[in-house]
S.K.: 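Here you go, one structure.
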Amino acid sequence: MDAVTVRTVLTAVVENNPSQIQPGEPAQAIAWLKQRIWIRGSDKGREPEHHPEIEAAARAAERAFALFQRGDVDAAKPLALEALKMFTV
């Protein structure tokens, strides 16, 4: 999983295009985001840094995917857009 794939899956939710989402990709996208909430700096011995913007994106993506899978596209779209904001910064 990489940032491009995560963006593609979230965009598919926004555009209501489930054909662009492969099985398992939503869970992988959430896991990818969650792995980046605490990232260690490039200096050896440096403590991991908390990234609240990534944490918020992971929570929004998780809710968006759950709603999308239930068929509630209208409720999923704003959450997916919120998660996509992380990629435009």
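When reading the values below, keep in mind they use all heavy atoms of this one structure, side chains included, and skip hydrogens, waters and symmetry mates.
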S.K.: Looking only at heavy atoms, which two atoms of Ala64 and Ala80 are closest? And how far apart?
M.R.: CB-N, 3.7 Å
S.K.: Locate the shortest heavy-atom distance separating Glu82 from Ala56; write the atom from each residue and the value.
M.R.: OE2-O, 4.3 Å
S.K.: Atom CG in Leu33, atom CD in Glu55: separation rounded to 0.5 Å?
M.R.: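 Going from CG on Leu33 over to CD on Glu55, the span is 11.5 Å.
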S.K.: Within the structure provided, determine whether Lys77 and Val13 are in side-chain contact (heavy-atom separation under 4.5 Å).
M.R.: no
S.K.: Do Met86 and Leu79 belong to the same hydrophobic cluster, where Ile, Leu, Val, Met, Phe, Trp and Tyr are linked whenever their side-chain heavy atoms lie under 4.5 Å apart, directly or via other members?
M.R.: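 Result: no, two separate clusters.
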S.K.: Does the pair Lys85/Glu53 count as a salt bridge with the N-to-O cut at 4.0 Å?
M.R.: no
S.K.: Does a side-chain heavy-atom distance below 4.5 Å link Pro26 with Ile21?
M.R.: yes
S.K.: In terms of ring plane angle, is the pair Phe87 and Trp32 parallel, tilted or perpendicular, where the classes change at 30° and 60°?
M.R.: parallel
S.K.: Supply the atom-to-atom distance Leu10 CG to Phe65 CZ, rounded to the nearest 0.5 angstrom.
M.R.: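 It comes to 4.0 Å.
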S.K.: Would the distance check show the side chain of Glu25 and the main-chain N or O of Gln22 forming a donor-acceptor pair, the cut-off being under 3.5 Å?
M.R.: yes
S.K.: How long is the span from the CD1 atom in Ile30 to the CE atom in Met1, to the nearest 0.5 Å?
M.R.: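 Going from the CD1 atom of Ile30 to the CE atom of Met1 covers 10.0 Å.
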S.K.: State whether the side chain of Thr8 and the backbone N or O of Val4 hold a donor-acceptor pair below 3.5 Å, judged by distance alone.
M.R.: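 Judged by distance alone, yes, a pair lies under 3.5 Å.
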S.K.: Under the side chain to side chain contact (heavy atoms under 4.5 Å, CB included) test, which residues partner Ala75, sequence neighbours left out?
M.R.: Leu67, Asp72
S.K.: Could you state the interatomic distance from OG1 (Thr11) to CG (Leu84), rounded to the nearest 0.5 Å?
M.R.: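 Going from OG1 on Thr11 over to CG on Leu84, the span is 4.5 Å.
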S.K.: Should Glu62 and Lys34 be marked as a salt bridge (Lys or Arg N to Asp or Glu O under 4.0 Å) after you check the CA-CA gap, both sets of side-chain angles, and the distance that decides it?
M.R.: CA-CA 10 Å; Glu62 194 168 26; Lys34 286 183 176 181; 3.4 Å; yes
S.K.: Is any side-chain heavy atom of Glu49 less than 4.5 Å from a side-chain heavy atom of Ile39?
M.R.: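 Counting from C-beta outward, Glu49 and Ile39 never come under 4.5 Å.
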